[in-house]
Amino acid sequence: MNEIARPGESEVVPAPMPGAQPIVLRPDEAVPAPSPVAGGRGRLSPINRRRLDNFRRNRLGYGSFLIFATLFVLSLFAEFIANDRPLLLSYKGEWLVPVLVDYPEEKFGGFLAVTDFRSVEIRKEIAEHGWAVWPPIRFSYDTINEDLPTPSPSPPTWMLSDAQCKPVAEKLGGSTCADIPWHWLGTDNTTRDVLARVIYGFRISVLFGLILAAVSSAIGVVAGAVQGYFGGWVDLAFQRFIEVWGGIPTLYLIIIISAFIAPGFFVLLGIMLLFSWVALVSVVRAEFLRARNFEYVRAARALGLSNLRIMTVHLLPNAMVATLTFLPFILNGSITTLTSLDFLGFGLPPGSPSLGELLAQGKDNLTAPWLGLTGFLVIAVMLSLLVFAGEAVRDAFDPRKTFA
């Protein structure tokens, strides 16, 4: 057998090809060790790296994804952006964090169980014995502002004149609109700040859509995989069940359930999960039906691999390519569903921050155009960003571009 003699070693290594002559490597021909950077990038296969590069090259889709992700991350800290409590408070030498802890009013000389930091007396007490750091927006989604320059729904503060703001500003020791807390997008018909409700409503809508899309997609992938892999009577029975189940009117069911159970976030989520999982079944089923008779699957069966291992290790990665291209659009549809239910009055409980409820207020208050326009623009921008990002993901997983 031909062998390779390595310098500095007493043992020999078999040559890689039969019939080759013995080769002696010089010290300068030693094979370099893999660099740490190459090892780090080895976590992604060449195809997935090319898909990621294709996604980044799509400026519109990649930029939309970054903007949407940034807005969503910021909304997760909504309590630190829009709140009627100080972020940090120093009172008589003691450090307090009202944004995270409920302090009784007796700590500031009052008698209520929870401190109202918007009270004039509490603010004067804090100013005399310490200081406070407030969030950029001094209103939470449920803050009732009884001191408005105009009747509710009040227009944005920057649209008001100093004469309109003067009565409220004088109570706070000022005389112009710059001396009162601003409502950048106005208030709704119950004197609540629109911008604060938009921030909190955006977070609820995206969280609802993400949870619904993730769980329903997982159930749909499992159901489609079982159908496509086993086929036969299993596939036939599942298809008949899906046809019957998909024909149930979801909206009517929600209306009926709302008559017995108070609607809530998790109640709506559970009801929607009962029907939304069928969206991906047909896609995954088709992929498994196509691939279950491929040669590598037959070879895996011949080697004695279990059906579960073949489905999860060998077939599922191929089916996930089509699944991932649908996920942004499923998320889009989930957010639209919650918005529609809130607009019709069958969504979240009354008082909850909701974009659909903001649209309903805009419909009921045509003399306050800032309500309808704000809700429309926020929903339109949010869904457009998701559509652009979804198109970029779809193009990134296009086989014609991946293998080009």
Side-chain angles (χ1 to χ4, degrees), residues 16 34 36-58 61 65 210-243 245-246 273-331 333-334 389-404:
V37 177
R41 287 182 60 87
R43 298 177 182 176
L44 291 176
S45 64
I47 294 179
N48 288 332
R49 286 203 300 268
R50 189 172 298 175
R51 288 168 178 164
L52 181 59
D53 294 338
N54 291 338
F55 177 68
R56 289 176 175 173
R57 289 193 190 99
N58 191 323
F65 169 75
L210 286 174
I211 297 174
L212 180 60
V215 179
S216 62
S217 298
I219 298 174
V221 167
V222 172
V226 172
Q227 280 188 251
Y229 182 78
F230 292 102
W233 287 103
V234 175
D235 183 28
L236 184 63
F238 258 106
Q239 282 297 104
R240 300 291 82 77
F241 172 77
I242 290 176
E243 290 175 2
W245 193 253
L273 280 176
L274 292 176
F275 302 95
S276 60
W277 60 271
V278 299
L280 282 178
V281 172
S282 59
V283 177
V284 180
R285 170 179 172 269
E287 291 293 329
F288 272 74
L289 282 174
R290 182 179 63 88
R292 66 173 183 167
N293 292 322
F294 284 175
E295 294 297 332
Y296 71 91
V297 177
R298 295 181 179 179
R301 291 197 190 101
L303 290 174
L305 297 181
S306 63
N307 290 329
L308 180 61
R309 183 171 180 81
I310 295 174
M311 293 169 63
T312 56
V313 177
H314 299 285
L315 292 178
L316 186 59
N318 295 328
M320 289 304 295
V321 173
T323 302
L324 290 175
T325 59
F326 278 92
L327 279 180
F329 303 100
I330 295 176
L331 175 60
S334 302
E391 291 178 349
V393 172
R394 182 189 60 192
D395 293 341
F397 281 90
D398 189 349
R400 294 171 297 180
K401 297 183 180 181
T402 302
F403 298 99

Considering all heavy atoms, the nearest A223-V281 contact: CB-CG2, 4.1 Å
Going through the distances and angles, do V226 and F288 end up as a side-chain contact (heavy atoms from CB on, under 4.5 Å)? CA-CA 8 Å; V226 172; F288 272 74; over 6 Å; no
Quick one: CD1 on I310 to OH on Y296, what's the gap to the nearest 0.5 Å? 10.0 Å
Kindly indicate, with the supporting measurements, whether the criterion side-chain contact (heavy atoms from CB on, under 4.5 Å) is fulfilled by Y229 and D235. CA-CA 9 Å; Y229 182 78; D235 183 28; over 6 Å; no
Of all heavy-atom pairs between G224 and V284, which one has the smallest distance, and what is that distance? C-CG1, 3.9 Å
If you measure from CD on E287 to CG on L315, what distance do you get to the nearest 0.5 Å? 10.0 Å
Applying side-chain contact (heavy atoms from CB on, under 4.5 Å) to V393 and F65, what does each step give before you reach the verdict? CA-CA 10 Å; V393 172; F65 169 75; over 6 Å; no
Which of E243, Q227, R285 passes side chain to side chain contact (heavy atoms under 4.5 Å, CB included) with F238? Answer is Q227
Yes or no on side-chain contact (heavy atoms from CB on, under 4.5 Å) for I242 and W277, after CA distance, side-chain angles and deciding distance? CA-CA 10 Å; I242 290 176; W277 60 271; 4.2 Å; yes
Heavy-atom count check: over 12 atoms from other residues, nucleotides or ligands less than 6.0 Å from R309 CZ? no
Say whether R51 and N54, considering side chains only, have a donor N or O and an acceptor N or O under 3.5 Å apart. no
Shortest non-hydrogen contact from R292 to R301? O-NH2, 3.4 Å
To the nearest 0.5 Å, what is the distance between CG on N48 and CZ on F397? 6.5 Å
Could you tell me the separation between the CD1 atom of I219 and the OG atom of S276, rounded to the nearest 0.5 Å? 7.5 Å
If I take atom CG from residue L280 and atom CE from residue M320, how far apart are they, to the nearest 0.5 angstrom? 8.5 Å
Non-hydrogen atoms of G61 and A392 that approach each other most closely: CA-CB, 3.6 Å
State, to 0.1 Å, how close A213 and L327 come at their nearest heavy-atom pair, and which atoms those are. O-CD2, 4.4 Å
Nearest-0.5 Å distance, OG1 of residue T325 to CD of residue E391: 12.0 Å
Given side chains that start at C-beta, do those of N293 and R298 come closer than 4.5 Å, heavy atoms only? yes
